[in-house]
Amino acid sequence: MLAEALFEVLDEIHQQSVVLSSQPSVSSIGSTPAPKEVVECMPVKIYTKPHKNQSEESAQCYICLVEYEERDLMRILPCHHEFHRTCIDKWLKEFHRVCPLCRGDVCRSDL
């Protein structure tokens, strides 16, 4: 009985992987760097820490995992996620054209 259940689960996993492999992969799109012109057109802002009376967790860059400091330069992606400008520029220009958080393609105009 246990063996039958195990085979059913394995069969279901196999069927799902076949369906997923037939769909276009986000990772294949994301593994292409973004054009430098696209990255340079994205807005930049200067980080300011929230007031002490506002309850907000320490914000950090999800690429380098360092907390933002006052006056850090931040790049804002079309999906509205923000990162250190140097971190996200390297990520987008050299490795991936997708947001590290939501995997949205920064080259698509419908974001």
Side-chain angles (χ1 to χ4, degrees):
M1 176 111 162
L2 183 58
E4 286 179 28
L6 178 61
F7 283 123
E8 286 179 27
V9 169
L10 290 175
D11 186 50
E12 181 66 28
I13 290 170
H14 175 72
Q15 289 176 9
Q16 288 181 0
S17 67
V18 168
V19 169
L20 290 174
S21 67
S22 67
Q23 298 173 350
S25 171
V26 171
S27 63
S28 66
I29 295 168
S31 63
T32 306
K36 291 179 175 144
E37 310 80 54
V38 171
V39 177
E40 296 297 325
C41 288
M42 292 179 206
V44 174
K45 76 173 194 176
I46 297 174
Y47 180 77
T48 55
K49 289 190 176 189
H51 298 295
K52 291 182 181 182
N53 60 356
Q54 293 177 343
S55 61
E56 184 178 308
E57 294 180 24
S58 297
Q60 70 177 5
C61 175
Y62 285 99
I63 297 173
C64 68
L65 302 177
V66 173
E67 288 185 17
Y68 297 128
E69 295 292 328
E70 193 76 23
R71 312 234 359 109
D72 280 352
L73 290 176
M74 314 283 293
R75 186 162 310 273
I76 305 167
L77 301 188
C79 57
H80 305 292
H81 289 122
E82 301 174 355
F83 304 91
H84 285 126
R85 186 186 69 181
T86 53
C87 296
I88 196 62
D89 284 6
K90 183 173 182 78
W91 171 275
L92 294 172
K93 292 177 183 178
E94 296 180 21
F95 304 108
H96 309 281
R97 64 188 274 167
V98 296
C99 172
L101 288 177
C102 69
R103 312 304 280 170
D105 186 345
V106 299
C107 297
R108 290 184 46 188
S109 60
D110 61 344
L111 281 178

In Å, rounded to the nearest 0.5 Å, how long is the span from [atom1] of [X] to [atom2] of [Y]?
| X | Y | atom1 | atom2 | value |
| --- | --- | --- | --- | --- |
| Glu67 | Asp72 | CD | CG | 11.0 Å |
| Leu65 | Gln60 | CG | CD | 5.5 Å |
| Trp91 | Cys64 | CH2 | SG | 12.5 Å |
| Lys90 | Arg85 | NZ | CZ | 14.5 Å |
| Ile88 | His96 | CD1 | NE2 | 10.0 Å |

* Between the side chain of Arg97 and the main-chain N/O of Ser31, is any donor-acceptor distance below 3.5 Å? ->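 Between the backbone of Ser31 and the side chain of Arg97 there is no qualifying donor-acceptor contact (under 3.5 Å).
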* Asked: For the side chain of Arg75 and the backbone of Val39, is there at least one donor-acceptor N/O pair under 3.5 Å apart?
  ->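 Such a contact is found between Arg75 side chain and Val39 backbone.
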* **Worked verdict on Ile46 versus Leu73 for side chain to side chain contact (heavy atoms under 4.5 Å, CB included)** => CA-CA 5 Å; Ile46 297 174; Leu73 290 176; 3.8 Å; yes
* To do: Let me see the working for Cys99 and Leu77 under side chain to side chain contact (heavy atoms under 4.5 Å, CB included), right down to the final yes or no.
  => CA-CA 7 Å; Cys99 172; Leu77 301 188; 3.8 Å; yes
* To do: List the atom of Val98, the atom of Asp105, and the distance in Å for their closest heavy-atom pair.
  =>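 Closest pair (atom of Val98, atom of Asp105, distance): CG1-CA, 4.0 Å.
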* Asked: What heavy-atom pair brings Cys61 and Tyr68 nearest, and what distance separates the two atoms?
  ->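 Smallest heavy-atom distance, with atoms named: CA-OH, 3.2 Å.
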* Asked: Would you call Val44 and Met74 a side-chain contact if the rule is heavy atoms closer than 4.5 Å?
  ->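 Result no, sub-4.5 Å side-chain heavy-atom pair not found.
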* Decide yes or no for Ile76 and Met42: does some side-chain heavy atom of the first lie under 4.5 Å from some side-chain heavy atom of the second? =>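 Not touching, per the 4.5 Å side-chain cut-off.
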* To do: Begin with the C-alpha distance, continue with both residues' side-chain angles, and end with the deciding distance and a verdict on side chain to side chain contact (heavy atoms under 4.5 Å, CB included) for Lys36 and Asp89.
  => CA-CA 9 Å; Lys36 291 179 175 144; Asp89 284 6; over 6 Å; no
* To do: Measure centre to centre between the rings of His84 and Tyr47, then say whether the value is under 6.0 Å.
  =>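 Not close enough - the centres of the two rings lie 6.0 Å or further apart.
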* Asked: Hey, mind stepping through His81 and Tyr62 against side chain to side chain contact (heavy atoms under 4.5 Å, CB included) and telling me if it holds?
  -> CA-CA 10 Å; His81 289 122; Tyr62 285 99; over 6 Å; no
* Do the charged groups of Lys93 and Glu37 touch, with an N to O distance under 4.0 Å? ->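 Salt bridge: no.
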